[in-house]
Amino acid sequence: AQKVTQAQTEISVVEKEDVTLDCVYETRDTTYYLFWYKQPPSGELVFLIRRNSFDEQNEISGRYSWNFQKSTSSFNFTITASQVVDSAVYFCALSSYRDDKIIFGKGTRLHILP
Amino acid sequence: DGGITQSPKYLFRKEGQNVTLSCEQNLNHDAMYWYRQDPGQGLRLIYYSQIVNDFQKGDIAEGYSVSREKKESFPLTVTSAQKNPTAFYLCASSVRAKNIQYFGAGTRLSVL
């Protein structure tokens, strides 16, 4: 069975602090995709990143970075120098290559305090 | 602009009533999806469709029905059999299955 666990239900940090959102996944497949989505207060999910299971290189995009470690089945997301606009619910998700569906974690609600 | 349009933004259902949520996309995507979001529960898949005139049940299909008569449209009907319909409903589409999904702004359904 596939599963995505986001153990942090809610996090609050002060603006300009760095924050890491944890994601641990379970799958028996060797080929899979991992995703992160952002859900701002407006409700629409915004795609942030997709990684292939064969690509363990860390990715950086501006203030966002992702650390993919197959050895620990983790795909953590770090926001550097957080801003109030980063306040949202963040979802980690998993899709097996054999499956048509994406399995979402329960999300982490991030509050960036001014 | 290309995107996914969900309507209405808010919907109220009376007891015993069926209601239909609209989802239209102009991205020329083959696959479309319906999710239900409850507080603290993440997203749960209701139905998905990879091609016109074909769709599959997701994890929580009971009490819901869909149709896919056109590539652009994937309406969801919440039937009276769904006893706890109050939730936020999100529609998504992707070029094809396993690809990145893009989401609409959602419909919030409440029971009167």
Side-chain angles (χ1 to χ4, degrees), chain A residues 1-11 21-27 29-54 59 61 66 88-110, chain B residues 1-11 21 23 25 27 29-51 54-61 68 87-109:
Chain A
Q2 298 190 106
K3 187 178 178 182
V4 176
T5 301
Q6 295 181 255
Q8 304 150 309
T9 306
E10 202 158 345
I11 302 175
L21 309 183
D22 298 331
C23 174
V24 174
Y25 62 91
E26 295 175 29
T27 180
D29 295 315
T30 56
T31 304
Y32 51 88
Y33 297 102
L34 294 164
F35 304 80
W36 275 96
Y37 282 85
K38 173 182 180 179
Q39 185 178 38
S42 61
E44 179 176 343
L45 264 75
V46 177
F47 166 76
L48 295 178
I49 189 171
R50 180 182 77 166
R51 294 314 295 263
N52 181 310
S53 55
F54 294 113
E59 174 113 2
S61 176
W66 290 269
V89 180
Y90 290 86
F91 291 96
C92 181
L94 166 70
S95 176
S96 163
Y97 187 75
R98 292 182 300 149
D99 203 344
D100 302 325
K101 301 180 283 188
I102 293 181
I103 307 299
F104 286 85
K106 293 188 176 182
T108 296
R109 184 176 296 277
L110 178 63
Chain B
D1 278 26
I4 300 171
T5 302
Q6 289 188 242
S7 63
K9 191 172 176 125
Y10 299 95
L11 187 58
L21 285 60
C23 178
Q25 54 99 358
L27 300 169
H29 286 172
D30 286 322
M32 297 187 74
Y33 309 81
W34 274 105
Y35 292 91
R36 171 178 171 142
Q37 185 178 18
D38 295 282
Q41 292 297 315
L43 275 69
R44 292 184 289 170
L45 183 64
I46 304 173
Y47 269 100
Y48 65 104
S49 168
Q50 297 184 61
I51 196 169
D54 188 42
F55 48 83
Q56 287 77 41
K57 292 182 179 180
D59 301 316
I60 55 165
R68 186 87 187 274
F88 188 55
Y89 291 87
L90 285 157
C91 178
S93 72
S94 61
V95 172
R96 54 188 172 274
K98 300 184 234 308
N99 274 43
I100 299 163
Q101 292 183 16
Y102 296 92
F103 285 79
T107 293
R108 193 166 297 279
L109 176 61

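Residue numbers begin at 1 in each chain, while the letters A, B, ... track the order of the sequences.
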With no hydrogens and no angle check, do the side chains of B:Tyr48 and B:Gln101 hold a donor and an acceptor under 3.5 Å apart?
-> no
Chain A heavy atoms under 4.5 Å from B:Leu45: which part of the residue, side chain, backbone, both or neither?
-> side chain
Not counting sequence neighbours, which residues clear salt bridge (charged side-chain N to carboxylate O under 4.0 Å, His left out) with B:Asp38? List them please.
-> B:Arg36, B:Arg44
When heavy-atom pairs shorter than 4.5 Å are enumerated against chain B, which of A:Gly107, A:Ser42, A:Gly43 gives the highest number?
-> A:Gly43
So, the part of A:Gln39 with a heavy atom under 4.5 Å from chain B: the answer is side chain
Name the option with the most non-hydrogen atom pairs under 4.5 Å to chain A; the candidates are B:Gly106, B:Gly104, B:Ala92.
-> B:Gly104
The ring pair (Phe, Tyr, Trp, His ring centres under 6.0 Å) partners of A:Phe47 (sequence neighbours excluded) come to A:Tyr37
Check the angle between the aromatic planes of A:Tyr25 and A:Tyr32 and answer parallel, tilted or perpendicular using the 30° and 60° thresholds.
-> tilted
